[in-house]
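Step one of this worksheet: look at the structure below.
This is a predicted model, so every value here is computed, not measured. A note on names: the letters A, B, ... follow the listed sequences, proteins ahead of strands, and every chain is numbered from 1.
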There are 2 protein chains.
Amino acid sequence: MDDAQLKLSSQVCFPVYSASRLITKAYKPYLDEMGITYPQYLVLLVLWENDSLSVNQITEKLLLNTNTLSPLLKRMEKMELLQRNRSETDERSVIVQLTEKGKNLKDQAKPIPEQLIKILLTENIKISDVLQLKEMLNEWITILTEDNKNLE
Amino acid sequence: MDDAQLKLSSQVCFPVYSASRLITKAYKPYLDEMGITYPQYLVLLVLWENDSLSVNQITEKLLLNTNTLSPLLKRMEKMELLQRNRSETDERSVIVQLTEKGKNLKDQAKPIPEQLIKILLTENIKISDVLQLKEMLNEWITILTEDNKNLE
DNA sequence: GGCGTTTATGTCGTGTGCGATGCAAATGTA
DNA sequence: TACATTTGCATCGCACACGACATAAACGCC
């Protein structure tokens with residue numbers, strides 16, 4: 001093998017890394033209006049779908065660890081977007097629920113997906129392409145999360 | 001645009017975000033052996049290709065800002081992987097060059113791309129699919145970096 | 001030459017991410 | 001019932017990312 005594979009341009013992972021950061025940045029103007037960050041937006045997304053989730057359930061849905069989510073949820077609690085309470089049936093668990101303020105942000109967030117998809121669809125990129133990309137990334141996510149489990 | 005399409009952005013942006021983190025994690029065991037992080041690996045990649053680059057040239061290649069790269073490069077200088085020197089022709093510029101130690105890491109890094117691609121290729125995902133994904137992400141990167149320039 | 005503007009880099013503050021580790025509640029098992 | 005183990009959450013330390021801002025060198029224009 002020659003050096004060709006060590007060229008930045010031939011790396012597949014770099015575009016994923018860059019696109020991720022740039023997409024987060026594309027969300028920023030919309031999320032700024034709501035006073036939240038992209039990871040906080042993800043937490044809201046899962047809580048708009050589920051009235052009540054434990055910290056552990058959120059980590060599973062967002063593929064983030066508790067050491068990332070715990071401080072993040074605390075910040076969101078301080079912003080009065082959600083409440084954190086110990087479970088009564090299992091004192092180890094912390095149950096997260098949206099406040100009225102958190103629930104109400106849902107309306108404000110509604111137009112965001114449409115704005116984003118407008119940016120990401122082009123002459124060369126159709127919806128079908130996006131769906132295909134989504135499938136591939138999800139398969140990678142499955143592989144890579146399984147990999148991590150195997151290490152334990 | 002129907003509901004399914006509205007949710008599309010969250011359905012595709014989140015996988016990009018998650019895949020990026022998981023891929024970085026997949027690199028970790030290999031990079032740990034070299035004592036470097038993924039962003040530091042990216043810096044090495046561009047410096048293995050270019051003997052001498054200014055900080056600004058690196059920011060353009062990696063799409064990172066100076067406020068991210070400056071401390072990162074300082075850490076790499078402390079690790080004796082590279083040198084930072086003011087340009088003689090333009091005192092504003094800082095020229096970055098690899099040390100022998102930095103250059104020598106190239107051999108150790110050579111097997112990494114192959115290892116990674118082994119993980120990412122499956123029954124359902126062929127090399128041609130990966131290349132297609134790369135094309136799409138690169139188009140998004142073009143769009144999103146152009147977007148940022150327009151804001152200035 | 002004088003001086004406002006641009007350019008290249010850097011610092012600071014905040015918010016993630018995550019490995020390592022701590023700790024208390026729950027669970028399994030002899 | 002004792003006690004080792006597991007589970008759920010959290011803290012700590014470090015390394016990104018990035019917006020806002022600072023600073024000095026170079027440039028442009030008169």
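Across D:dC16, C:dG15, C:dG19, the shortest atom-to-atom separation from the side chain of B:P39 is found for D:dC16. If you check C:dG15, D:dC9, C:dA8 against the side chain of B:S93, the one that comes closest is C:dA8.
The residue from A:T99, A:L105, A:N104, A:L98 that alone fulfils the side-chain contact (heavy atoms from CB on, under 4.5 Å) condition with A:K101 is A:T99. Of the candidates B:V46, B:N50, B:L82, B:V96 forms a side-chain contact (heavy atoms from CB on, under 4.5 Å) with just one, namely B:L82.
Counting any heavy atom pair closer than 4.0 Å across all strands shown, A:N67 reaches a base atom. Within the nucleic acid shown, A:L69 has no heavy atom closer than 4.0 Å to any nucleic acid atom. Heavy atoms of B:S54 sit under 4.0 angstrom from primed sugar atoms or phosphate atoms, though from no base atom. Using a 4.0 Å heavy-atom criterion, one finds that B:T37 contacts the sugar-phosphate atoms exclusively.
The interatomic distance linking B:L64 (CG) with C:dA8 (C1') rounds to 16 Å, in whole Å. Remark: P of C:dA8 and CG of B:N85 are 18 Å apart, rounded to the nearest angstrom. If you measure from atom CZ of B:R92 to atom C1' of C:dG10, you get 14 Å, rounded to the nearest angstrom. In this structure, A:N56 places its CG atom 11 Å from P of D:dA10, rounding to the nearest Å.
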Discussion item. One pair to check against side chain to side chain contact (heavy atoms under 4.5 Å, CB included): B:M136 and A:I125. What are the steps and the verdict?
Written reply: CA-CA 7 Å; B:M136 233 176 109; A:I125 302 180; 3.6 Å; yes

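How far SG of A:C13 is from CD1 of B:I117: 7.0 Å, rounded to the nearest 0.5 Å.
For B:N65 against D:dG19, a side-chain-to-base donor-acceptor contact under 3.5 Å is absent. Scanning atom types as modelled, one donor and one acceptor separated by under 3.5 angstrom connect the side chain of B:T66 and the base of C:dG10.
Contact check, A:Q40 against C:dT16: a side-chain N or O comes under 4.0 Å of OP1 or OP2.
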